[in-house]
Amino acid sequence: GPALLPLIQPIMAQDFDREQQYKRRRVPPGRSDPVARTCACTPAAGLVRCSRTRIAQPAHGCAALYSSILHVVLTQVLLFYRYFSKPPRAWPAGAPVPAALKPVALATWFETTCTRLELTGKIRVGPEGMNVTVAGSAANATALQHLLARHDSLADLRLEDDPARMLAFFKPSPGCAHVFDGLSVKIVDEISPLGIPRYTPLAWREPAVGSDIGNHVEAKGPRPDTITARGADGDVSVCGNAGADTLVGISESTDAAIPAKACTTTEAAASTKDSTDATPPTPEACPSTCQVPPGLPASVQGDPASASTPVDYVSPAEFHALLQSGPDAGIAVLDTRNYYESMLGRFEGAVCPPIRKFSTLPAWLQAQADRFAGKTLLTYCTGGIRCEKAAPYAGEALAGKARRVVALDGGIHNYLAWVDAERAAGRNTPCMFAGSNYVFDARQSLSLRDGPDSVISSCRFCGTPSHSLIKCGGASCHLILVACAACQADKAVRFCCEDCRVRTANKRKLVHCACERARMQLLAADGVRVPGS
């Protein structure tokens, strides 16, 4: 009642302030993350090379160790996510959101825990779930995995019961803490921005026959209160759900499907910030030039009775078999990533939309729906998170056209790991993924254990095959460019086009350089209207 307001208001104000803190921009306007960093690791530190790619290394640093102790990974990068409403749900439908899973509480837990474990990375949490990439010592990365396996966010999945499933979920790969410039924890509307806030796929709303949706299962065995990890100052004990009972977030998630419409406005101001950072505007915040893509699926308009093409998630082995069946079997392959990712690597025969942000994909799918009529559409992304939404959205957008939509479970990351395992077992399995898998940190890209079977990208400036990356030096451009070691060695500022060079020399900013205008023309040719193009 009113008598309690004086007691409640300070708590609400404190939670509001904490939430706003987690929503602040990570980099100043007009700037973006670097694509390379200098590694400070040394052999004495017991750390292997930050990555198998192009981080700048000290002359006597950990690079020399890498080839000799390839399989002794003492440092790791973890890549994982969860959508709370996807079956099996993190909590029963219609039940209150658990305190530990409210965005402020979850963000605070990650920040506190990763700081104590000396992990760096990018963590995005919101009402719909979490999207996490963290890096550090293998011991502390492992500690985080076990903490999370017992945390309310993942405990119902019982990952510790199955080591293989736990490995596939957290997707560890080589790389030390220096692949990130620190720890960034943010609260966002969408953990991987499709541009349709609170979009809930039809398949997530209704439990399928035999589904365990809504069935909570307690993790087996004792649930320890603490796990000990090694920090710089000695052992650090971290509580599995520290602070969960004392933090109350004011941002509540909802189970109801909220009608929303896709917005293409973000494409007009596209930047190469990673897709987990972008927070697209809501339809109400869009300028009057924003156009909703025509013929949006009925499910996006809030019609729960609308139809959808069947959507399946398959293992790397199953995906591989489908790829081998080829176009003659009615197979089409769609890369749901951005164009600068697919230029480094892609599956054979994949259609690669000329998009710079994931939030443009819905409009592109709508415009290109007839292209996939009668086809089985295979979709893939880096680690699986984008296909969690893109595949069901495609199923709804292509209802009555495509026969089936198939998503690669675990993305390119798990496919390359599967190929590595196949070859380690003595099977001469061909890799259907050409080139390298772009990642959103200073490692730039990952490939097979022994390196990519092929390099499909070439230096922007001399044409030498390469997958090393830099960013355009143009003011406010930030386009990601392929540049070989020789062209990077002269330390000269490199530009994507003459537009950027001239405007930068004259200290003038431009909305779209010649490269961007050319890409936007490709989008227009595909039937996607981009404001300002």
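Because the structure is a prediction, the values reported are computed rather than measured.
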Do the side chain of [X] and the main chain of [Y] share a donor and acceptor less than 3.5 angstrom apart?
X: Asn131; Y: Ile191; value: yes
X: Arg89; Y: Phe84; value: no
X: Lys171; Y: Phe169; value: yes
X: Thr376; Y: Arg404; value: no
X: Ser342; Y: Tyr339; value: yes
X: Arg460; Y: Cys496; value: yes
X: Tyr199; Y: Tyr393; value: yes
X: Arg124; Y: Gly129; value: no
X: Glu128; Y: Tyr83; value: no
X: Arg519; Y: Cys515; value: no

Checking Arg386, Arg346, Arg356, Lys357 against Glu341 for salt bridge (charged side-chain N to carboxylate O under 4.0 Å, His left out), the one that qualifies is Arg386

- [ ] Describe, in one word, how the ring planes of Tyr340 and Phe440 are oriented to each other, choosing from parallel (under 30°), tilted (30 to 60°) and perpendicular (over 60°).
- [x] perpendicular

Q: Measure the acute angle between the ring planes of Trp418 and His320, then classify it against the limits of 30° and 60° as parallel, tilted or perpendicular.
A: tilted

Smallest separation among heavy atoms of [X] and [Y], with atom names:
X: Thr429; Y: Val419; result: O-CG1, 4.2 Å
X: Glu190; Y: Val188; result: O-CG2, 3.2 Å
X: Ala367; Y: Gly527; result: CB-O, 3.6 Å
X: Ala391; Y: Val311; result: O-CG2, 3.8 Å
X: Pro174; Y: Val77; result: O-CG2, 4.2 Å
X: Glu388; Y: Tyr313; result: O-OH, 3.3 Å

Taking atom [atom1] of [X] and atom [atom2] of [Y], what is their separation to the nearest 0.5 Å?
X: Leu479; Y: Phe495; atom1: CG; atom2: CZ; result: 12.5 Å
X: Ser359; Y: Ile196; atom1: OG; atom2: CD1; result: 9.5 Å
X: Gln145; Y: His151; atom1: CD; atom2: NE2; result: 15.5 Å
X: Ser137; Y: Leu117; atom1: OG; atom2: CG; result: 8.0 Å
X: Leu408; Y: Thr382; atom1: CG; atom2: OG1; result: 11.0 Å
X: Cys114; Y: Ile123; atom1: SG; atom2: CD1; result: 4.0 Å

**Stacked cation flag Arg494 on Phe461, 6.0 angstrom / 45 deg** = yes

- Query: Given the rule in the side chain to side chain contact (heavy atoms under 4.5 Å, CB included) test, do Ser445 and Asn437 qualify, once you have shown the distances and angles that lead to the verdict?
  - Reply: CA-CA 5 Å; Ser445 66; Asn437 183 23; 5.7 Å; no

Looking at Asp453 and Arg423, is any side-chain nitrogen of the basic one under 4.0 Å from a carboxylate oxygen of the acidic one? yes

Do [X] and [Y] have side-chain heavy atoms sitting under 4.5 Å apart?
X: Thr113; Y: Leu119; value: no
X: Val405; Y: Thr379; value: yes
X: Thr464; Y: Ser458; value: no
X: Ser153; Y: Met130; value: yes
X: Tyr81; Y: Ser192; value: no
X: Cys352; Y: Leu334; value: no
X: Val439; Y: Gln444; value: no
X: Pro353; Y: Leu361; value: yes

Leu183/Phe110 under side chain to side chain contact (heavy atoms under 4.5 Å, CB included): CA gap, chis, key distance, verdict: CA-CA 10 Å; Leu183 178 66; Phe110 269 115; over 6 Å; no

| message | The test is side chain to side chain contact (heavy atoms under 4.5 Å, CB included); show your working for Phe372 and Lys401 and say whether it passes. | response | CA-CA 7 Å; Phe372 304 110; Lys401 294 185 178 180; over 6 Å; no

Discussion item. Between Phe433 and Tyr415 (judged by ring centroids, cut-off 6.0 Å), do the two rings come close enough to count as a pair?
Written reply: no

* **Donor-acceptor side-chain pairing of His467 and Ser457 below 3.5 angstrom** => no

Salt bridge (Lys or Arg N to Asp or Glu O under 4.0 Å), that's the test. Do Arg82 and Asp156 meet it? Break it down for me. CA-CA 12 Å; Arg82 186 180 188 184; Asp156 64 299; 2.8 Å; yes

task: Apply side chain to side chain contact (heavy atoms under 4.5 Å, CB included) to Leu323 and Glu348, showing your working.
output: CA-CA 8 Å; Leu323 285 170; Glu348 295 178 14; over 6 Å; no

When Asn338, Asp526, Thr360 are each screened for side chain to side chain contact (heavy atoms under 4.5 Å, CB included) with Pro354, the one that passes is Asp526

